[in-house]
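Index from 1, following the sequence. This structure is a prediction, so every number in the text was calculated from the model and none was measured.
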Amino acid sequence: MTTTDGSAARASLVAGARRIVVKVGSSSLTTAAGGIDPARVRRLVEVLAAVRGTGAEVVLVSSGAIAAGLAPLGLTTRPRGLAAQQAAASVGQGLLAHRYQEEFARHGIVTGQVLLTVDDVTRRVHYRNAHQTFAKLLELGVVPIVNENDTVATSEIRFGDNDRLAALVAHLVHADLLVLLSDVEGLYDGPPSREGSRLVPLVRSEEDLAAVTIGSAGSLGVGTGGMTTKVDAARIATGAGIDVVLTSADQAAAALSGVEVGTHFAATGKRRPTRLLWLAHATSGQGTLTLDAGAVRAVVERRASLLAAGITAVDGGFVAGDAVDLLGPDGALVARGLVNFDAEELPALLGRSTSELKVALGSAYEREVIHRDDLVLLER
C-alpha cells in the first residue's frame, strides 16, 4: 500500500466511524508530580468536542484517577499496596471527573461517569445493566467517561489495565473505531529511544508483529500499562472486528481527523457475543475443573453445556457465578465459564448424570455445571 493509498484509507476509516472509543493514559493527563495537568485535559477535550461536532458519538476511557490522587495525598509515586491505591483513587476519581465535566461544559457537552469492575460485565444481570447504561447515555447525547472502579476493585475483580478495558468497552458499545492515546507516537519495531527503531504504520496480522520488540510502562511511573497492554488491547478489538489506531496524545487531533499518524491495527475478525468477549478477556479463572475426553469433545466440538458427569477433578475456592477454567485430561486450558455450583458442592456430583442427581439430591441439581451460554472456548 502506498502512502497516498494509506492516507486515503485512514481518512475514510475515521470519517466513516460514527461511534468512537478513545482511551487516554495517566501519563498523558498528569504532571510528573502526579497531579492533573489542566492544559493537557483541556487540549484533549477540545479534540473530542470537535469529533462530536462532526456528528460522531464518543466514549472516553480515561486513566488517571490514582495518579490524580497522588499529589493531594502527598505521595510522589504510585503506591504498590492495593489499599493505598484505592485511597488515591477515592481522592482522584472525583477530581478527574470534575475536571472533565468543567472542560466539556465549555463546549455545551454533558458527561457521565461510568465506573466498572469485572463483575459488572461478566455476570449476566450486571452486564445487561452496563450495556443499557451506555446505550441510554449515548442516546441522550452524553459523553460517557469510563474508568475501572479502582476505589473498590480487588485483585480478583480487576481488569488490570485500562487498555484492555477500552477494547472491551469498544465492543460493548458497538464502536466503529478504538483510538489508544499514549505518550509514544505509535508502535515501533524496537524501543523508541534506540537508534534505528522505526514506526510500524500498519499491522494487518500477527505476522506484522513477529519482528517487533515490545517495551514496558512509560517513564513517569504513574500508569500500569506499557506497549504490551496496548498491543493486547488491539488484538482483542481487531479480533472482534474493530479497527484500532495507536498514537500519542499530542497527535490526537490528527488521528481523529483521519491523518495517517501512529499505528493502525486493521480489524481481523468478526463481532462475537459481547459478554463472551468479556468472559474470555476480562476475567481469570477462580478455580479449575478437569474434564474427561468426552466432555472436552462435547464442549469444544458440539458447543454443549458442561455436565457433572464429564468432570473428573475440582480445584479452587470459587462460588456459584464465578469464572472457572476448564482443563482437558492433559491439563491444557480448554475453555472458561461461569459455574452454577460452589466448589464445595461439586465433588459429590462428579461422574453422575443429571437424572441420577435429580433422584438422589432433588430437582435443584438437575442442571448444568456450566451452561453453554456462559461458556467461551479459549485458544489451545
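In this structure, Arg99 forms no cation-pi arrangement with Phe104, as its terminal cationic atom is not both closer than 6.0 Å to the ring centre and no more than 45° off the ring axis.
Here the straight-line distance linking atom CG of Leu29 with atom CG of Asp37 works out to 8.5 Å at 0.5 Å rounding. Note that CG of Asp163 is 4.0 Å distant from NZ of Lys230, once rounded to the nearest 0.5 Å. Atoms CD and CG, on Gln93 and Asn147 in that order, are 6.0 Å from each other to the nearest 0.5 Å. Here the CG atom belonging to Leu181 is positioned 9.5 Å from the CG atom belonging to Asp250, to the nearest 0.5 angstrom. Taken from CG in Asp342 to CD in Glu345, the straight-line distance is 4.5 Å, to the nearest 0.5 Å. Taken from CG in Leu116 to CG in Leu172, the straight-line distance is 8.0 Å, to the nearest 0.5 Å.
Considering only heavy atoms from C-beta on, Val245 stays 4.5 Å or farther from Leu180 through its side chain. Residues Leu48 and Leu60 form a side-chain contact, since some pair of their non-hydrogen atoms from C-beta on lies under 4.5 Å apart. Residues Pro38 and Glu103 are not in side-chain contact: their nearest non-hydrogen atoms beyond the backbone lie 4.5 Å or more apart. The side-chain heavy atoms of Val143 and Val59, taken from C-beta on, include no pair separated by under 4.5 Å. Taking the side chain as every heavy atom from C-beta outward, Thr247 and Thr263 never approach each other to under 4.5 Å. Contact of the Leu357 side chain with the Leu349 side chain is registered, since non-hydrogen atoms from C-beta on lie closer than 4.5 Å. In this structure, Phe318 and Leu338 have side chains that are not in contact, with every pair of non-hydrogen atoms separated by 4.5 Å or more. Contact of the Val179 side chain with the Leu246 side chain is not registered, since no non-hydrogen atoms from C-beta on lie closer than 4.5 Å.
Looking at Arg40, its side chain never comes within 3.5 Å of a backbone N or O of Ile36 through a donor-acceptor pair. Under the 3.5 Å distance criterion, the side-chain polar atoms of Asp292 are matched with a main-chain donor or acceptor of Gly294. For the pair Ser90 (side chain) and Gln86 (backbone), a donor-acceptor distance under 3.5 Å is absent. With His107 contributing its side chain and Ile109 its backbone, the two residues share no donor-acceptor pair below 3.5 Å. Formation of a donor-acceptor pair under 3.5 Å by the Asp208 side chain with backbone atoms of Arg204 is found in this model. The backbone N or O of Asp325 lies less than 3.5 Å from no partner atom in the side chain of Thr288, so there is not a single donor-acceptor pair. Side-chain atoms of Glu185 do not come within 3.5 Å of backbone N or O of Gly262 as any donor-acceptor pair. Formation of a donor-acceptor pair under 3.5 Å by the Asp374 side chain with backbone atoms of His371 is not found in this model. Remark: side-chain polar atoms of Ser12 are not paired, donor with acceptor, to backbone N or O of Ala8 under 3.5 angstrom. No donor-acceptor pair under 3.5 Å is formed between the side chain of Gln101 and the backbone N or O of Val110.
With a 4.5 Å cut-off between side-chain heavy atoms of Ile, Leu, Val, Met, Phe, Trp and Tyr, the cluster of Val259 takes in Val261.
In terms of heavy atoms, Pro144 sits closest to Val58 at CD-O, 3.5 Å. Pairing each heavy atom of Ala267 with each of Gly241, the nearest pair is CB-C, 3.7 Å. Taking all atoms of both residues into account, the shortest heavy-atom contact from Leu178 to Ile242 is N-CG2, 3.9 Å. Taking each heavy atom of Leu333 and Leu378 in turn, the nearest pair found is CD2-CD1, 3.5 Å. Scanning all heavy atoms of the two residues, the minimum distance from Leu375 to Leu377 falls at CD2-CD2, 4.1 Å. Residues Leu70 and Ala88 approach most closely at CD2-CB, 4.3 Å, considering heavy atoms.
Linking ILVMFWY side-chain heavy atoms closer than 4.5 Å, directly or via other members, places Phe265 and Leu199 in two distinct hydrophobic clusters. A continuous path of Ile, Leu, Val, Met, Phe, Trp and Tyr side chains, each step under 4.5 Å between heavy atoms, connects Val369 with Leu350, placing both in one hydrophobic cluster. At a threshold of 4.5 Å between side-chain heavy atoms, the hydrophobic network of Ile, Leu, Val, Met, Phe, Trp and Tyr places Val212 and Tyr188 in two separate groups.
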Compile the donor-acceptor pairs under 3.5 Å between side chains in residues 303-317 and protein atoms, sequence neighbours left out, one pair per line.
| unit_1 | atom_1 | unit_2 | atom_2 | d |
| --- | --- | --- | --- | --- |
| Arg303 | NE | Val300 | O | 3.3 |
| Ser305 | OG | Arg372 | N | 2.9 |
| Thr312 | OG1 | Thr290 | O | 3.2 |

Please assess Leu44 against Val41 for the test side-chain contact (heavy atoms from CB on, under 4.5 Å), listing each intermediate value before the final yes or no.
CA-CA 5 Å; Leu44 173 65; Val41 175; 5.8 Å; no

Stepwise side-chain contact (heavy atoms from CB on, under 4.5 Å) check, Val91 with Leu73:
CA-CA 8 Å; Val91 173; Leu73 294 176; 4.0 Å; yes

One pair to check against side-chain contact (heavy atoms from CB on, under 4.5 Å): Leu75 and Thr77. What are the steps and the verdict?
CA-CA 6 Å; Leu75 302 173; Thr77 59; over 6 Å; no

Worked verdict on Ile20 versus Leu256 for side-chain contact (heavy atoms from CB on, under 4.5 Å)
CA-CA 9 Å; Ile20 302 171; Leu256 288 163; 4.1 Å; yes

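When the options Ser28, Ser248, Ser27 are evaluated for a side-chain hydrogen bond (donor to acceptor under 3.5 Å, both in side chains) with Asp183, the one that passes is Ser27. The only option from Thr268, Leu209, Val203 that meets the side-chain contact (heavy atoms from CB on, under 4.5 Å) definition with Arg235 turns out to be Leu209.
Heavy-atom contacts from other residues, nucleotides or ligands closer than 6.0 Å to CD of Glu102 number more than 12. Summarising the local packing, NE2 of His98 is surrounded by 12 or fewer heavy atoms from other residues, nucleotides or ligands at distances under 6.0 Å.
Applying the side-chain hydrogen bond (donor to acceptor under 3.5 Å, both in side chains) definition to pairs two or more places apart or across chains, those involving residues 43-62 are Arg19-Glu57, Ser62-Tyr100.
Salt-bridge formation is not detected for the pair Arg297/Glu301: no Lys NZ or Arg NE/NH1/NH2 atom is positioned less than 4.0 Å from an Asp or Glu carboxylate oxygen. A salt bridge between Asp176 and Arg18 is absent, with no side-chain N of the basic residue lying under 4.0 Å from a carboxylate O of the acidic one.
His264 and Asp243 share a donor-acceptor pair across their side chains, judged by distance under 3.5 Å alone.
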